[in-house]
Amino acid sequence: MAKCMNALDGFTLSDITQQDGLIFEIGEYQDMDEEEFSYSSAVPLTNKEVLNLLNMNNVEDDNDDDNTNNNSNIEDNFTVLCNISFEKLKSKMTDILGNTKIMKLVKQKGVGPTIPSNGKVSIKYVGYFEYMDEPFDSSFIRGRSETFYLGQGMLIPGLEIAILSMQKYEIAVFIIHPDLAYGKYGCAPRIPPNAEILFIVHLIDFVDNESINVVENLSIEERKIFANTVKGVQAKFNTAKFNFKMHKIKQAIREYGKAIQWLEQAELKNQEEENEMKNLLSKGYTNLAVCYNLENMPRRACSACSRVLTPSAKTYFNYGRALLKMGEYDKAMEKLQIAYKLEPKNEATVKEMKLVNEKQRKYLEVEKQLWTNCLGNEQKEKKETVFQKAVRKMCENFAQDNQLLRQPLPEALTPQEDACIREQAAAFGLIVTTHQRYGREITYLNKFNY
């Protein structure tokens with residue numbers, strides 16, 4: 001069955017190459033003066049802004065008219081690709097395959113090696129047909145890069161071959177023959193028959209999955225050999241880092257977790273391998289803690305930090321950050337002070353220590369107010385009213401604080417005071433739990449996502 005989607009929401013190359021086809025719903029168009037808004041990487045770009053960003057305004061068609069008006073509208077420079085002859089543009093391009101079916105023009109040189117055939121790539125791209133005013137597909141207009149696994153049929157063959165010729169950070173223009181694009185029939189109504197396609201591609205990043213595939217195909221016994229595992233672990237770390245940069249934190253957590261599992265299952269034969277494994281495990285668990293903190297999973301972050309064999313300033317910083325989210329102010333400060341001792345010039349650590357002091361001071365003020373109202377010599381009815389007010393303020397402040405997920409409550413509360421706190425907590429969508437910590441029972445105010 002054909003997939004139905006709103007055309008204004010944007011779509012990818014994989015969407016329009018589906019076997020069952022694609023049905024577009026066209027919503028109401030709203031015109032907006034984009035010049036009134038400042039640039040933001042999160043805001044989709046217009047066609048003209050894309051061409052300007054990619055420095056495509058100097059890819060011009062040959063002009064035989066010596067009387068060209070030099071004062072023509074500057075906006076015309078941004079749309080030259082819409083008016084240029086593909087045949088004339090090819091005269092400036094390189095033939096990748098030797099049969100003119102994929103032509104390439106490098107606009108910005110990249111760095112490092114070319115992409116492996118089974119790599120995972122992050123690209124921004126825009127695609128045109130010859131002489132058309134607007135692109136038929138653009139990740140820039142959607143305001144994000146796209147991630148593809150090569151060798152898995154996610155892209156048309158010509159674009160995949162084109163990307164394999166690129167280096168990291170490269171920007172290139174490709175013209176792809178219909179045989180390696182959408183063929184003689186196209187993909188109606190969006191893709192016309194026998195259409196040559198011009199793609200402008202910006203390669204943001206890539207990772208090589210070959211080492212990962214090698215490890216995954218090993219037997220259980222072969223995987224226990226540390227030398228067989230270590231390359232796959234490094235590749236997993238690179239994939240996790242790639243996902244982290246793409247803000248795909250949960251995917252990064254899975255990759256770090258798998259790499260750590262491989263390491264912990266490996267059998268070591270000498271001190272050199274043991275030292276290398278310690279370093280890799282420490283790196284993996286520390287980065288895992290960073291990811292857990294970003295996903296508001298402080299307990300898992302603390303667990304990851306506690307398993308680091310050779311903790312660094314980064315480890316202690318993320319340990320302290322996780323403890324802060326849990327309302328463990330003293331323990332958080334203890335870890336942060338170690339991080340500060342290891343890296344005294346780290347401004348992030350100093351900032352986090354100030355935040356712990358601020359949160360703890362506010363908590364102590366609330367605790368003092370609660371105890372003052374609990375132990376006063378007022379009449380019972382008046383005392384309960386003042387206490388309820390203090391509790392309500394405490395719950396309100398905690399619910400609005402995005403940096404805390406848990407906060408301890410004063411000890412030795414009476415059953416009536418405990419019930420009052422639970423009632424007010426429920427009104428703000430909070431819960432009250434009791435745990436055994438540090439050899440004693442402690443009651444905490446928690447958010448539901450803790």
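These values consider heavy atoms only, across backbone and side chains, with no hydrogens, waters or symmetry-generated copies. Predicted, not measured: the structure shown is a model, and the values here were computed from it.
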Q: Between T433 and N446, does any side-chain donor sit less than 3.5 Å from a side-chain acceptor?
A: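 Side chains of T433 and N446: pair found under 3.5 Å.
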Q: Ion pair present between K278 and E273, side-chain N to carboxylate O less than 4.0 angstrom?
A: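 Salt bridge flag = no for E273 with K278.
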Q: Have K359 and Q403 got a donor and an acceptor in their side chains that come within less than 3.5 Å?
A: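 Per modelled atom types, K359 and Q403 side chains form a pair under 3.5 Å.
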Q: Surrounding CD of E272 (heavy atoms of other residues, nucleotides or ligands, distance under 6.0 Å), is the total greater than 12?
A: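 Result for CD/E272: open.
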Q: Less than 6.0 angstrom from the centroid, inside 45 degrees of the normal: does K335 satisfy that with respect to the ring of Y319?
A: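 Relative to the ring axis of Y319, which defines the angle, K335 lies inside both limits.
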Q: Would you indicate whether R300, at its atom CZ, is surrounded by more than 12 heavy atoms from other residues, nucleotides or ligands within a distance under 6.0 Å?
A: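 Atom CZ in R300 is not crowded, with 12 or fewer foreign heavy atoms closer than 6.0 Å.
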Q: I'd like to know whether I249 forms a side chain to side chain contact (heavy atoms under 4.5 Å, CB included) with Y292, so could you lay out the CA-CA distance, the side-chain angles of the two residues, the decisive distance to 0.1 Å, and finally the verdict.
A: CA-CA 8 Å; I249 308 303; Y292 281 138; over 6 Å; no
Q: List the steps, then state whether salt bridge (Lys or Arg N to Asp or Glu O under 4.0 Å) holds for K362 with E365.
A: CA-CA 5 Å; K362 288 182 178 179; E365 289 174 357; over 6 Å; no
Q: Please report the interatomic distance OG1(T229) to CG(L263), rounded to the nearest 0.5 Å.
A: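 T229 OG1 to L263 CG: 7.5 Å, rounded to 0.5 Å.
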Q: Kindly compute the distance separating CZ (F398) from CG (L409), expressed to the nearest 0.5 Å.
A: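 So the gap between those two atoms works out to 9.0 Å.
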Q: Which heavy-atom pair separates I191 from F129 by the least distance, and what is that distance?
A: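 The answer is CD1-CZ, 3.5 Å.
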Q: Parallel, tilted or perpendicular: which one describes the rings of F136 and F199, with boundaries at 30° and 60°?
A: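 Rings of F136 and F199: perpendicular, as their planes differ by over 60°.
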Q: Kindly determine whether R321 and E352 satisfy salt bridge (Lys or Arg N to Asp or Glu O under 4.0 Å), including the steps that lead there.
A: CA-CA 7 Å; R321 172 167 283 183; E352 200 75 7; 3.1 Å; yes
Q: Taking NZ, NE, NH1 and NH2 as the nitrogens, is one of them in E328 or R406 under 4.0 Å from a carboxylate oxygen of the other?
A: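 Result for this pair is yes, salt bridge flagged.
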Q: Minimum heavy-atom separation for E160 and G151, please, with both atom names.
A: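 Between these two residues, the closest heavy atoms are OE2-N, 2.7 Å.
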Q: Any carboxylate oxygen within less than 4.0 angstrom of a Lys/Arg side-chain nitrogen, looking at E146 and K124?
A: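 Not counted as a salt bridge, because no side-chain N and carboxylate O are separated by less than 4.0 Å.
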Q: So for atom CD, which belongs to Q271, do other residues, nucleotides or ligands contribute more than 12 heavy atoms lying within a distance under 6.0 Å?
A: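 Result for CD/Q271: enclosed.
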Q: What's the shortest heavy-atom distance between G320 and A332, and which atoms?
A: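 Nearest pair, atom of G320 first, then A332: O-CB, 3.4 Å.
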Q: Taking the inter-plane angle between the rings of F148 and Y125 on a 0 to 90° scale, is it parallel (under 30°), tilted (30 to 60°) or perpendicular (over 60°)?
A: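 F148 and Y125: tilted rings.
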Q: Is it true that the side chains of E417 and T414 contain a donor and an acceptor less than 3.5 Å apart?
A: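 Side-chain D/A pair, E417 to T414: present.
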Q: Determine whether the side chains of K325 and N293 contain a donor N or O and an acceptor N or O closer than 3.5 Å.
A: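 No pair is found: no donor N or O on one side chain lies under 3.5 Å from an acceptor on the other.
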Q: Mark yes or no: K345 above the aromatic ring of Y340, with NZ or CZ under 6.0 Å from the six-membered ring centre and no more than 45 degrees from the axis.
A: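 Not flagged: K345 not positioned over aromatic ring of Y340.
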Q: After noting the C-alpha distance and the side-chain angles of F317 and L336, does the key distance pass the side chain to side chain contact (heavy atoms under 4.5 Å, CB included) rule?
A: CA-CA 5 Å; F317 173 83; L336 290 170; 3.9 Å; yes
Q: For K447 and L430, what are the C-alpha separation, side-chain angles and deciding distance, and is it a side chain to side chain contact (heavy atoms under 4.5 Å, CB included)?
A: CA-CA 5 Å; K447 294 178 181 174; L430 307 171; 3.9 Å; yes
Q: Going from CG on L159 to CD1 on I163, what distance comes out if it is rounded to the nearest 0.5 angstrom?
A: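 If we round to the nearest 0.5 Å, L159:CG and I163:CD1 are 4.0 Å apart.
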Q: Please tell me if the side chains of F237 and K283 come closer than 4.5 Å, counting only heavy atoms from C-beta onward.
A: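 Yes - at least one pair of side-chain heavy atoms lies under 4.5 Å apart.
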Q: Looking just at side-chain N and O atoms, do N287 and K241 make a donor-acceptor pair shorter than 3.5 Å?
A: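 Side-chain D/A pair, N287 to K241: absent.
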Q: Roughly how far, to the nearest 0.5 Å, is the CD atom of Q261 from the NZ atom of K236?
A: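 With rounding to 0.5 Å, NZ (K236) is 10.0 Å from CD (Q261).
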Q: Going by distance alone, is a donor N or O of one side chain under 3.5 Å from an acceptor N or O of the other, for T239 and K120?
A: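 Their side chains do not contain a donor-acceptor pair, so the 3.5 Å distance test is not met.
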Q: side-chain contact (heavy atoms from CB on, under 4.5 Å) with M277: which of N279, N275, L281?
A: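 Answer after filtering N279, N275, L281: L281.
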Q: Closest approach of A313 and A339, non-hydrogen atoms and distance?
A: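 For A313 and A339, the tightest heavy-atom pair comes out as O-CB, 3.5 Å.
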Q: Can you measure from CE (M353) to CG (N357) and round to the nearest 0.5 angstrom?
A: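 One finds 7.0 Å between CE of M353 and CG of N357.
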Q: Is it the case that the side chains of T147 and K248 hold a donor-acceptor pair, with the cut-off being a distance below 3.5 Å and no angle test?
A: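 Yes, T147 and K248 have a side-chain donor paired with an acceptor closer than 3.5 Å.
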Q: Can a salt bridge be assigned to the pair K258 and E255 using a cut-off of 4.0 Å between side-chain N and carboxylate O?
A: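 Between E255 and K258 there is no salt bridge, as every charged N stays at least 4.0 Å from the carboxylate O atoms.
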Q: What are the two closest non-hydrogen atoms of M326 and C302, and how far apart are they?
A: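 For M326 versus C302, the nearest heavy atoms are SD-SG, 3.7 Å.
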Q: Under the side chain to side chain contact (heavy atoms under 4.5 Å, CB included) rule, what do I253 and E295 come out as? Steps first, then yes or no, please.
A: CA-CA 10 Å; I253 289 173; E295 286 294 302; 4.1 Å; yes
Q: Can you give me the closest heavy-atom contact between I102 and A162, atom names plus distance?
A: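 Shortest heavy-atom separation between I102 and A162 comes out as CG2-CB, 4.3 Å.
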Q: Rounded to the nearest 0.5 Å, what's the gap from NZ on K104 to CD1 on I176? Could you check?
A: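 Nearest 0.5 Å value for the NZ-CD1 distance: 11.5 Å.
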Q: Regarding R392 and E396, does a basic nitrogen lie under 4.0 Å from an acidic carboxylate oxygen?
A: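 The answer is no: the pair does not qualify as a salt bridge.
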Q: Please tell me whether S312 and T315 have a donor and an acceptor in their side chains that are separated by less than 3.5 angstrom.
A: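 Note: S312 and T315 side chains meet the donor-acceptor criterion.
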